[in-house]
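Taking it in order: structure first as structure tokens, then the write-up.
Note on naming: letters A, B, ... go to the chains in the order of the sequence lines (proteins, then strands), and numbering restarts at 1 for each one.
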Amino acid sequence: MLLNILINGLIVGGMYALLAVGFALIFSVARILNMAHTAFYMVSAYVIYIGSSMLHLSLFPSIVMAIFVTVILGILCFYLFFDRVKEHEFTVMIIAVALASAFQEILLLIFGGTIRAIPPLAEGFYDIGGTNVSYQHIFAFLLSALILIVLWIVLSKTKLGSAIRAVAQDSEIANLMGISVRRVYVTVMGISVGLAAVSAAVMGPIYMISPMMWGQPLVIVLAAVVLGGEGSIGGAVIAAFILGYAESIVVFMVPGGAFLGGAASMAVMVLVLLVKPEGLFGVLFEEERL
Amino acid sequence: MKGYLFLMYRWFHGEVLSIPGRVIALIFFICLFLFPLLTQEPYYLRIVTLTIIFAIFAASWDVLAGYAGQLNLGHGLFFGMAAYTAAFINIQLHWPPLITIPIGAIAGVLVGLIVGIPALRLRGMYLALVTLSFPLIMLGMVFVFSDFTGGELGLFGVSVFSPSRVVSYYVIAIVFTICIFIMYKFTDAGSKHLRIGVILHALREDEIAARTSGIDTIRYKLLAFAVSGFFAGIAGGLYTHYLRVAGPSTLELLFSFNVLLWTIFGGLGTIYGAVAGVFILYPLTEVLSLFELGEKIRYLVLAVVLIFTLLYMPEGIAVWVLDKIEVRCPRCKLVNVFWRKRCRSCRADLYPEKTKMRELL
């Protein structure tokens, strides 16, 4: 039981972290509350499905195709919609929700509401201390960890990374220092949507895909970002793991817990925020304390 | 007698007929009350009735988010809890809607206060997310305690206002008129009798400045939550007694998002904007579903309309329209119709820049 919770929490947390990081990145850099983030994840999952089940490609090329298509779609959305109304934060949020529901409706029109499955990258089980863990789960965790580490290196060691961090801290000053803020925004949007696309490749075979699949992970992602603290990407990762563990503890320990999985992570978030209103790793400015 | 009538007419002419926005509101309410005389088709009556209920709901969200600045993403919680309370009491105790709806509204107030207390410490996006999480927690509870709540199917067999659809329509329309009037007056910043509208504006614009001016921000925030919960509760009670069921769909994420979409489409921070948003968007989706093609693409159409409206009118459609047809006198701040060249009261030039341009040319 304990081992079950440990392993499951780790895997679920890793997947949530992958999604949450992309969302936190675009939010902290461009102040865009991209509620369509998980909709891009859904689009990517469908492109993988098209590639693997309809065009009969093998899985790897279809994943590459999905990442490519989704990133282009994301950058297009940035130029067409988000870039124009960046100043109004609420409007950006509503447009993102509308975009997400537009994607949902288009997919519903094309594929119908039926639930579909993506074939896993690797089949079979591995036995860890009496717990069967499928290869897909192990693969999901390893890939999430790898991507998070790569992202961390990019952000902290490269020139692009320092540009991104500079824009996140103060876009006007960054602009004065000769960084093209707009180009950084576009790059970050691309990276963020690309991360969503990769998570589709990781999570798609584990959860079924349907045009409604964006709602549930969106809530978790929002919770992780808030819990981690506004603008803190590391915080979002840690918060995603906390939420993953909270969910798997409830699912395994409480009868009827499958219904309460989402509710449990929400409750954890509310409790933490009541104790520490700025999130776990957020910065509280003195003038904001009331 | 004749003198009084004349005075009343003068008041009416000055305060209503000369202001385009109020003329539109008057025409709107007249149409609302004449609608059942026009058609008694159950399908149309049902659409309009639901539109009215959602308009109360959207306006109550606007009081909280648009005026007090507390962005509540889980407004469905107030609505849903009131609906469940009213339905539960009605089914168990067989009390009539006249009693259950106020009880539902009180439940809405209580829920509003419970949500409002954490809101005192949080702001901006954190507040939005915490409020978003409450209906989802409640939704989990509804499925776990399905003996009480009916689970997926919800509580059904709630009594109706009256067997006649038209009577139900009029009951709901009257409640709507009263609620909207109260909410409009409550939030009116220019009111001579109530301070609350101005205080809520101050709270939204700059909380710290409001505090330093001696406004008890905590009290007014909680008041905004309670009032908003009250009206959302009334809407929830009306909804459950009209549809005769209280289901978990009211607690879902999309239901709460709908309110946001309607209100921001109409215009945030204006009660009439919320009403206009609902009265444009909700019937649009319902009418589209009459056609076979429309049924499939109605939410797509809704999303596209919303995106393009917001790209070109980020303030919302009602604010945009009013901005076009009303012009405020630069000297005495009185509202005039756009085709007047001089103010109706002080004869000041309404478009000084234009006149100057013309003189230059």
With a 4.5 angstrom heavy-atom cut-off, which part of [X] approaches chain A: side chain, backbone, both or neither?
| X | value |
| --- | --- |
| B:Leu268 | side chain |
| B:Ile307 | both |
| B:Leu310 | both |
| B:Phe145 | neither |
| B:Phe265 | neither |
| B:Leu136 | both |
| B:Leu127 | neither |
| B:Leu300 | both |

Return the minimal non-hydrogen interatomic distance between A:Ala98 and B:Ala303, and the atom names on each side.
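Minimum heavy-atom contact is O-CB, 3.4 Å.
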Let's test your reading of the structure: which of B:Ile264, B:Val301, B:Leu302 forms the most heavy-atom pairs below 4.5 Å with chain A?
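Option with the top pair count is B:Ile264.
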Under a 4.5 Å cutoff for heavy-atom pairs, which residue among B:Leu260, B:Val304, B:Leu253 has the most contacts with chain A?
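Among the listed options, the one with the most contacts to chain A is B:Leu260.
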Quick check for you: among A:Ile94, A:Ile106, A:Leu33, A:Val85, which has the greatest number of heavy-atom pairs under 4.5 Å with chain B?
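Heavy-atom pair counts peak at A:Ile94.
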Name the region of [X], side chain, backbone, both or neither, that has any atom closer than 4.5 Å to a heavy atom of chain B.
| X | result |
| --- | --- |
| A:Ala102 | both |
| A:Val226 | both |
| A:Leu109 | side chain |

Can you find a pair of side-chain heavy atoms, one from A:Met93 and one from B:Phe257, that are under 4.5 Å apart?
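Of all side-chain heavy-atom pairs linking B:Phe257 with A:Met93, none is under 4.5 Å.
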Spatial distance of atom CG (A:Leu218) from atom CG (B:Leu132) [nearest 0.5 Å]:
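The CG atom of B:Leu132 is 8.0 Å from CG of A:Leu218, to the nearest 0.5 Å.
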Other residues, nucleotides and ligands only: do more than 12 of their heavy atoms fall within 6.0 Å of CD on B:Glu286?
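Check passes, neighbour count above 12.
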Considering only heavy atoms, give the residues of residues 34-43 of chain A separated from chain B by less than 4.5 Å, sorted numerically, with 'none' for an empty result.
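Listed by number: A:Met35.
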Can you give each donor-acceptor pair under 3.5 Å made by side-chain atoms of residues 235-244 of chain A, sequence neighbours left out, with the distance rounded to 0.1 Å?
none

